[in-house]
Engineer: 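Encoded as structure tokens, here's the structure I'll be asking about.
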Amino acid sequence: VDKERGFVDLQISLNGIDKCTNTVVSDTIRIDIYPLPLINAGPDASICIADSFQCNPTYQNIDLAEVTWKGGDGWFVPDAHSINPVYYPGVTDSIAGCVTLSLVAGGSFQCGTKSTTDSLILCFDVTPYVNASPNDTICAGQTAQIHVDTANSSGVNWSSVKGVQGGVFFPNNFVINPVYQPSQVEITEGRAILVVEAFGRNNCYFKSKKDTIIIDIRPLPTGILYGGNTLCEGETDTIHIVLTGTPPWTVTYYNGINANTVTGIFTSHVRIPVNPISTTTYALTSVADKYCIGTNFTGAAFYNVHPKPIAFPVIAPDGTNFCQGGPGITINLSSSQPGVKYELKLFNTTVSMQMGGNGTLLTFGLQATPGIYKILASKAWPSGDTCYNWMQDSIIVNSVQSPIVNFYNDPSCFGDSTKFHITGGSEILRVSTWEWDFGDGQPVIYNVPYEPSYLFPNFSNYLVTLTITDTTGVCTKILSRQ
């Protein structure tokens, strides 16, 4: 009660002695009672490490000039001697997870030498950590597998900077490793920018952290094939393919029989020689560039291919050599086709009238000019195209000159043998047979040059004949002497 009233009055009374025993005297003293200082730092608390803490103690009977706050490695604002400062946690605080904040206060008035203290424990929730997967590159039409590493997070949310024009996350945008399918807008722009936001826990829920992934979207390569023509069998033409994308390209085209792949293409307009063996259509079946495989390839090249005339053998039934001054060599085509025209050529110059095929042998008659003879066949088609083909083989016609030789005889008397001599030098070597007829009906044939001696049976005039044949067998020459 004294403490609550703040003072107490003490009275002393004294009785006299002896004859003054009945006399009483008294006096009073008042004692003022000053209360001790009282403080309460406040209840324990927890905050987000990124936040500050407002100190709000309750107190009585303290000297506000004698206040001191103590804590971890953080700092008090405006200072540690303010009764209700704001505390900003330090690095060590965040590592430790909690810090004890102590308040020391001195008493007021006559209790100034009396101090009191109280403390609270302040704990910290850590802000979330977020690290999205590296930037990526995909092809248009593909999806991207993305991922985020998080810590101290209560959840994540993925989004595209395009908002409602962005793509779709599978299975949803709240998982850490969704699959992203870009929108057509992002495909057209060639890029998708994705943001992942990680929310904190407890007091740090609203202290989210974000990271970004950039997905470059490469356009798919395209190809357009064009060309086409009317050809004769064996002729070559060119198909054209116009490409988009990034070189080098690889294309595959189908020619009606099999697929053909061309790699290492570095020009966007590629020209490919083709040699169709029959009527067909060329079409693209795949296009790929350095990064992507395309899905859009169009166009076609149609070729109408006419067969060439059949190549029949060219023949010379009597051989290819004839004696100079003779009628020449017969040249034939062993067979022919109806509807096909044939002409004989000497050194690529036409030397005969065109002959129409009839399904059998064709003869081009005697040819007496030396040289190389060929036969060219042509077939005219209703489309206006004409197909040509050289027949098999060629005939080399040779003109052979007869050997230049002669003979004479030595004078002789009746009863003596007559000696015959051959002249001609090296020309003699070109003769293969020698047939002598001495005019008496007894011919003699020799296969080597021979200068005979002959005994005529009677005294008379005789017509001696020498028939020679050259080594080719095509020239026969008759020499005579009376």
Engineer: Could you report the tightest heavy-atom contact between Ala45 and Phe53, atom names first, then the distance?
Structural biologist: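 Result for this residue pair: CB-CE1, 3.7 Å.
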Engineer: Specify the closest pair of heavy atoms between Thr330 and Pro317, including all atoms of both residues, with the distance to one decimal.
Structural biologist: O-CD, 3.4 Å
Engineer: Testing the basics here: between Ile478 and Thr467, what is the closest heavy-atom pair and its distance to 0.1 Å?
Structural biologist: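 Shortest heavy-atom contact: CG1-OG1, 3.7 Å.
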Engineer: Where the side chain of Asp470 meets the backbone of Cys475, is there a donor-acceptor pair that is under 3.5 Å apart?
Structural biologist: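 Such a contact is found between Asp470 side chain and Cys475 backbone.
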Engineer: Determine whether Ser286 and Ile293 satisfy the following criterion, side-chain contact (heavy atoms from CB on, under 4.5 Å), listing intermediate values before the conclusion.
Structural biologist: CA-CA 8 Å; Ser286 71; Ile293 298 175; 5.8 Å; no
Engineer: Any donor and acceptor pair, going by atom type alone, linking the side chain of Ser153 with main-chain N or O of Gly155 inside 3.5 Å?
Structural biologist: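 Yes, Ser153 side chain to Gly155 backbone: donor-acceptor pair under 3.5 Å.
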Engineer: Shortest non-hydrogen contact from Gly223 to Leu243?
Structural biologist: CA-CD2, 4.0 Å
Engineer: With side-chain hydrogen bond (donor to acceptor under 3.5 Å, both in side chains) as the test, pick out the partner of Lys207 among Asn152, Asp51, Asp125, Thr127.
Structural biologist: Asp51
Engineer: Can you see which heavy atom on Asn304 is nearest to which on Thr279, and at what distance?
Structural biologist: OD1-OG1, 3.2 Å
Engineer: Below 30° counts as parallel, above 60° as perpendicular, anything between as tilted: where do the rings of Trp436 and Phe420 land?
Structural biologist: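 Ring orientation, 0 to 90° scale: tilted.
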Engineer: Has Thr244 got a side-chain atom pairing as donor or acceptor with Pro221's backbone, closer than 3.5 angstrom?
Structural biologist: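 No, Thr244 side chain to Pro221 backbone: no donor-acceptor pair under 3.5 Å.
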Engineer: Within the side chain of Asp289, is there an N or O that forms a donor-acceptor pair under 3.5 Å with the backbone of Pro247?
Structural biologist: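 Not a single qualifying donor-acceptor pair exists.
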Engineer: Would you find a donor on one side and an acceptor on the other, under 3.5 Å apart, between the side chain of Ser336 and the backbone of Thr360?
Structural biologist: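 Present.
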Engineer: In terms of ring plane angle, is the pair Tyr88 and Trp75 parallel, tilted or perpendicular, where the classes change at 30° and 60°?
Structural biologist: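 Tyr88 and Trp75: parallel rings.
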Engineer: Would you please test Gln337 and Tyr342 for side-chain contact (heavy atoms from CB on, under 4.5 Å) and show each step?
Structural biologist: CA-CA 10 Å; Gln337 286 178 270; Tyr342 301 88; 3.6 Å; yes
Engineer: Please check this pair: side chain of Asn332 against backbone of Ser334, looking for a donor-acceptor N/O pair closer than 3.5 Å.
Structural biologist: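 Looks like no, no N/O pair under 3.5 Å.
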Engineer: Is it the case that Tyr180 and Glu186 place a side-chain donor and acceptor less than 3.5 Å from each other?
Structural biologist: yes
Engineer: Just by distance, no angles: are the side chains of Ser412 and Thr418 close enough, under 3.5 Å, to form a donor-acceptor pair?
Structural biologist: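 There is such a pair (donor and acceptor under 3.5 Å, judged by atom type) between the side chains of Ser412 and Thr418.
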Engineer: Regarding Thr386 and Ser378, do their side chains bring together a donor and an acceptor under 3.5 Å, going by distance alone?
Structural biologist: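 Thr386 vs Ser378: no donor-acceptor pair found between side chains.
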Engineer: Is there a donor-acceptor pair closer than 3.5 Å between any side-chain N or O of Asp437 and the backbone N or O of Gly439?
Structural biologist: yes
Engineer: So, does Ser208 use its side chain to make a donor-acceptor pair with the main chain of Phe199 at under 3.5 Å?
Structural biologist: no
Engineer: Is Lys341 salt-bridged to Glu343, going by a charged N under 4.0 Å from an acidic O?
Structural biologist: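 Not counted as a salt bridge, because no side-chain N and carboxylate O are separated by less than 4.0 Å.
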Engineer: Say whether Asn409 and His421, considering side chains only, have a donor N or O and an acceptor N or O under 3.5 Å apart.
Structural biologist: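 Short answer, no.
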Engineer: Can you say whether the rings of Tyr253 and Tyr282 are parallel (under 30°), tilted (30 to 60°) or perpendicular (over 60°)?
Structural biologist: tilted
Engineer: Under 3.5 Å, is there a donor-acceptor pair between the Thr252 and Thr285 side chains?
Structural biologist: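 Short answer, no.
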Engineer: I need the Ile138 CD1 to Tyr291 OH distance, nearest 0.5 Å.
Structural biologist: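 Answer rounded to 0.5 Å: 14.5 Å.
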Engineer: For Thr222 and Asn296, does a side-chain donor sit closer than 3.5 Å to a side-chain acceptor?
Structural biologist: no
Engineer: Checking Ser460 against Asn458: is there a side-chain donor and acceptor pair closer than 3.5 Å?
Structural biologist: no
Engineer: Answer with yes or no whether the side chains of Asn255 and Thr280 bring together a donor and an acceptor at under 3.5 Å.
Structural biologist: no
Engineer: Output, in order, the C-alpha distance, side-chain angles, deciding distance and verdict of side-chain hydrogen bond (donor to acceptor under 3.5 Å, both in side chains) for Asn321 and Asn398.
Structural biologist: CA-CA 5 Å; Asn321 298 319; Asn398 295 311; 3.0 Å; yes
Engineer: Strictly distance-based, threshold 3.5 Å: is any side-chain N or O of Glu233 a donor or acceptor partner for the main-chain N or O of Lys308?
Structural biologist: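 Yes; at least one donor-acceptor contact below 3.5 Å.
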Engineer: Walk me through whether Lys374 and Ser394 qualify under side-chain hydrogen bond (donor to acceptor under 3.5 Å, both in side chains).
Structural biologist: CA-CA 5 Å; Lys374 297 180 179 180; Ser394 59; 5.9 Å; no
Engineer: Can you tell me if Glu197 uses its side chain to pair, donor with acceptor, with the backbone of Trp158 under 3.5 Å?
Structural biologist: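 It does not hold such a pair.
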Engineer: Using 30° and 60° as the class limits, which term best fits the ring planes of Phe76 and Tyr87: parallel, tilted or perpendicular?
Structural biologist: tilted
Engineer: Report, as yes or no, whether the 6.0 Å neighbourhood of atom CD1 on Ile277 holds more than 12 heavy atoms from other residues, nucleotides or ligands.
Structural biologist: no
Engineer: Quick one: closest heavy-atom pair of Val175 and Val156, and the distance?
Structural biologist: O-CG2, 3.7 Å
Engineer: Can you confirm whether the side chains of Asp237 and Tyr303 place a donor and an acceptor under 3.5 Å from each other?
Structural biologist: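 Yes, side-chain donor-acceptor contact under 3.5 Å.
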Engineer: A quick test of your reading: do over 12 heavy atoms of other residues, nucleotides or ligands sit less than 6.0 Å from CZ of Phe206?
Structural biologist: no
